[in-house]
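Presented below is the structure to which this report refers.
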Amino acid sequence: MAYPFHDIETKWQQHWEEHQTFRTPDEVPEDKDEFYVLDMFPYPSGAGLHVGHPEGYTATDIVARYKRKQGFNVLHPMGWDAFGLPAEQYALKTNTHPRETTEKNIAQFKRQLKRLGFSYDWQREINTTDPDYYKWTQWIFLQLYERGLAYQSEEPVWWCEELGTVLANEEVIDGKSERGGYPCERVPMRQWVLKITEYADRLLEGLEALDWPESTKQMQRNWIGRSEGANVYFDLAGIDDSLEVYTTRPDTLFGATYMVLAPEHELLDEITTDAHRAEVEAYVDEALRKSERKRQQQGEKTGVFTGGYAMNPVNGEEIPIWVADYVLASYGTGAVMAVPAHDERDYAFARKYDLPVREVVEGGEIEEEAYVGDGPHVRSANEDVSLNGLHNEAAKEAITEWLEAEGTGEHTVNYQLQDWLFSRQRYWGEPFPIVFTEDGEDKPVPEDELPVTLPDIDVFEPSGTPEGPLATIEDWVHTTDPETGAPATRETNTMPQWAGSCWYYLRFLDPDNDERLVDPEKEEYWMPVDLYVGGSEHAVLHLLYARFWHKVLYDAGVVSTKEPFQTLVHQGMILGETEYTAYRDEEGNVVSAENVADDTDLTPVQVDEEDVTKDGDVFVLADRPAVQVDARSHKMSKSRGNVINPDDVVDEYGADTLRLYEMFMGPLEQDKPWSTDDMEGVHRFLNRIWRLVVDTDSGGLAVSDEEPDRDQLRVLHRTIKKVTEDIEARDFNTAIAAMMEFVNAANKWDTMPRKIAEPFVLLLSPFAPHLSEELWARFGHDETLAYEDWPAYDEALIRREVVEMPVQVDGTVRATIEVEADADEDDVLATAKAADNVARYLDGTDIQREIYVPGQIVNLVTG
RNA sequence: GCCCGAGUGGCGGAAUUGGCAGACGCGACGGAUUCAAAAUCCGUUGUCCGCAAGGACGUGAGGGUUCAAGUCCCUCCUCGGGCACCA
């Protein structure tokens, strides 16, 4: 019989709600240390909670409950990132107002989260679509605007026809929208843009001190893409203008043998000579017609000669100017100097079009391939400056210095990061606090008129123009100039979904403040976030944008820390149960999986686990060992039909089982396949605990009042030590394994002493809070699990003690080993074995040394 | 191509960071209980040899450092993730 988890969980969830058990006081306490543990708040989708949500949420909940028990003042809030496309697309289909859909979804999410018993302070719940919330999102926009960090631009931007909106660079992958995978194209449009590039260096430097996954830091570094080099000016032959190029290798300037312009380059037309005009125009035409996606594809580089020449400032040499579409207008200056000897692309291009290759750095086989490594420079001198003999860094420095002195170049830093495109042509987002006067000038809405509320609307169709659906609401659009009272119109674009999530962690500190975004005293007390848990899909989107806004708010004096999230952890993905797949061809014959290419039209057939066996490294059919079978776990998806619904799990096994299982599956950061069998093992563990404490026949307690013996105490205290250390290290899976080990040991005892059971239940409480509360109450305690009762392990029981033990080795060597007081016989034997090992090696020599073996110290004396 | 991360039993995964490889869980096999089943409990479970005591081999492959290597170093292979004409 399973323990009555359903009654227990309902009972304690109600209890916690009624008693506001997890309320964090509004006021900042005088003398209590804080701990801010935060989940990435969810987008409340119509599909409801999936099993991936509780994974991160359980991890943070364990930490929150643990820290509370350690006496910290803990902030553990939850809210809703509720603006965004899906609600609007749903509105389009069903004509339901996004607000209605959103409210319904939030109610569903909240109900599901409460069923899992997370210790959130629901009094601090926030919702990005609430006008009291987005008032401050708009306020932050005004801070950006006033600092010149928000500006309008007419640049080509990513436009997605299907979504009816433009998207940020970060939201477009391979020319397709990140959400939905719809095709996107580059179209020039007037847009609001945030100057994130101005913070590029600070965003880069700030990463150093953060306790974040190295891969995420690396992704942000790559995204920012800082490079150092020089801009160099090449005078143009016969034209009174110069061509500016960016290079990271100014040291190879003497090796430049031609130049290349992007097809969009503004000087191209002027440079092109009449003899080459037709050819160049044809090439440019074709290049511009190619989609961005096609141009991004690497392949054979093509280009044509313009007929123009530029003068290399270091040696006065005239070199030909080409145009080629592998040069991007959006990076650097849209023009490059080509040094074929020392750049792979230039090398390939030069070989193809028979352009000269001039080696200026020694070390490679220049006849064979470009040499990009370091080496002494050669053939690199003019009357004033010589790089000959210098190596990379020194050469760069010398030539840059010379260029600067000559006024023909300068040291330059370049970034791949581009400014953040901030407008969307959608309805369901924050309106901009901006109006336009009749002559087109933009003006901010004064602070005291915030929020600019989102009007109601019945038609959600995107207009298909740079105006959003808001443009159709005449009496909202038409307003007055806040300064002059003259007629004015409102900005009809809305902010992207990222806006609300850029700063929500600050609003949790002071959610009801209508005077300021956050009270400075509270901000200073709580920030930064001590532990932030969420998916790695936000590595460069949310996590970069939020850092940017945070730094702007820092400059504005709103926050006191330079970085918002001190420690970051990405929970891994929970995959579906492992599937075994065989394939059939058109005739129905089974095909071995090793012969299956990705694009075949074979029919996959699911095979039961029992019918599969392992042969060497691969799985095969048990009855037909020649047929190889794919064994993989896939991402959960409706179409695959492998989705696990957390509600079903809670119904059948209880919330504590789900929580515990998701933590037991493996390391938090790792992707892990779901296994219902494994989960049942965790459920069994909880049942055992129940029976260890509760006499299931009488309903009374199964614990005794006998004093625990030394062995029992040792087992308990080792468990306390291990679990505590594991929680600190966020190794929740091994913490649970340690508790399982404890229960295995306790099952063999004649009685379970109360003095052992009570601390164990406390130890369990962050993991399985409902069961723990119930057992605690059954022990006869009036209060719910008291924080000060968290068990401390007794050092005395696991302290090191020195025991002398001589080890005889080959009659010549004698070793003394020191072991822990509680070391068992195996430990001693292992130690002796290690000592013996070393002794053998030292045999006959006269050395004294110390070596370390598991938990013990060996003092070895030879002679 | 470049940058991260990872390869350990039939499966998910442990291993105090260089010290008894396989904790804990699942599965499997055997047993107890039961009229029977479920549930529960007790064993066994890396591979090979051996009746046994015991022995040999074992952490993707190959080399190396060390008394001692899953862990450190070099070369390579495979799988995930990210970036990708960035001058």
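Below, each value reflects all heavy atoms present in this structure, side chains not excepted, and no hydrogens, waters or symmetry copies.
Contact annotation: N744(A) reaches the phosphate of G25(B) (side-chain N/O to OP1 or OP2, under 4.0 Å). For the pair R684(A) and C26(B), the criterion of a side-chain N or O lying under 4.0 Å from OP1 or OP2 is met. Taking only side-chain nitrogens and oxygens, Y331(A) comes nearer than 4.0 Å to OP1 or OP2 of A87(B). Between A87(B) and N414(A), no contact under 4.0 Å exists linking OP1 or OP2 to a side-chain N or O.
The nucleotide whose nearest atom lies closest to any side-chain atom of P673(A) is, among A23(B), G12(B), C11(B), G12(B). Which of G80(B), C26(B), C4(B) sits closest to the side chain of D677(A) comes down to C26(B). Comparing atom distances between the R345(A) side chain and each of C86(B), C26(B), C24(B) picks out C86(B) as nearest. Checking G25(B), A14(B), G80(B) against every side-chain atom of F664(A), the shortest atom distance belongs to G25(B). The side chain of P667(A) has G13(B) as its nearest neighbour among G13(B), G80(B), C3(B). Of all nucleotides listed (C85(B), A87(B), A23(B)), A87(B) comes nearest to the side chain of T247(A). Residue R691(A) has its side chain nearest to U40(B) when only C86(B), U40(B), C4(B) are considered. Candidate nucleotides A87(B), C42(B), G25(B) were compared by shortest atom distance to the side chain of T248(A), and A87(B) ranks first. Closest approach to the L328(A) side chain among C86(B), G43(B), A14(B) is made by C86(B) (side chain taken as heavy atoms from C-beta onward). Distances were taken from every side-chain heavy atom of Q670(A) (C-beta onward) to each of G13(B), A87(B), C42(B); the shortest belongs to G13(B).
G80(B): glycosidic angle beyond 90° from 0, hence anti. Applying the 90° cutoff around 0 to the glycosidic angle, U17(B) is assigned syn.
Under the Watson-Crick or G-U wobble criterion, with both distances below 3.5 Å, A28(B) is paired with U44(B). Base pairing annotation: G80(B) forms a Watson-Crick or G-U wobble pair with C4(B), both donor-acceptor distances under 3.5 Å.
Distance alone, capped at 3.5 Å, is enough to place a donor-acceptor pair between the Y283(A) side chain and the D325(A) backbone.
No more than 12 heavy atoms of other residues, nucleotides or ligands lie within 6.0 Å of NE2 in H6(A), so this atom counts as exposed by the packing criterion.
Nucleotides C4(B) and G55(B) place their P atoms 45 Å apart, quoted to the nearest Å. A69(B) and U65(B) have their P atoms separated by 12 Å, with the value rounded to a whole Å. The separation of G7(B) from A21(B), taken at their C1' atoms, amounts to 16 Å, rounded to a whole angstrom. Rounded to the nearest Å, the gap between the C1' atom of C41(B) and that of G46(B) is 27 Å. Remark: the separation of the C1' atoms in U44(B) and G22(B) is 16 Å, to the nearest Å. With both ends at atom P, the span from A53(B) to U16(B) equals 31 Å, rounded to whole Å. Of the C1' atoms belonging to G64(B) and U71(B), the separation is 15 Å, rounded to the nearest Å. When the C1' atom is used for both G30(B) and A68(B), the distance is 38 Å, rounded to whole Å.
Remark: the T400(A) side chain and the H411(A) side chain contain no N/O donor-acceptor pair separated by less than 3.5 Å.
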Discussion item. Apply salt bridge (charged side-chain N to carboxylate O under 4.0 Å, His left out) to residues E369(A) and R351(A) and explain how you reach the verdict.
Written reply: CA-CA 10 Å; E369(A) 58 181 0; R351(A) 282 280 178 255; over 6 Å; no
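Note: CD (Q416(A)) to C1' (C2(B)) measures 12 Å, nearest angstrom. Spacing between atom NZ of K217(A) and atom P of C83(B) amounts to 19 Å, rounded to whole angstrom units. In this structure, H570(A) atom NE2 and A6(B) atom C1' are separated by 17 Å, rounded to whole Å. The CZ atom of R688(A) sits 5 Å away from the P atom of C41(B) (whole-angstrom rounding).
Residues A335(A) and S215(A) both approach RNA chain B. Their nearest nucleotides, taken by heavy-atom distance, put S215(A) toward the 5′ side. Across the interface with RNA chain B, nearest-nucleotide mapping of D678(A) and E741(A) shows E741(A) to be the residue nearer the 5′ end.
Y326(A) has its ring centre less than 6.0 Å from the ring centre of F349(A).
Nearest heavy atom pair, residue G576(A) against residue N642(A), reads CA-ND2, 3.8 Å. For the residue pair P263(A) and V327(A), the shortest heavy atom distance occurs at CD-O, 4.0 Å.
Of the candidates N733(A), D671(A), I574(A), D678(A), I574(A) is the only one forming a side chain to side chain contact (heavy atoms under 4.5 Å, CB included) with M665(A).
Here E214(A) lies out of heavy-atom contact (under 4.0 Å) with every strand. Counting any heavy atom pair closer than 4.0 Å across all strands shown, D346(A) reaches no nucleic acid atom.
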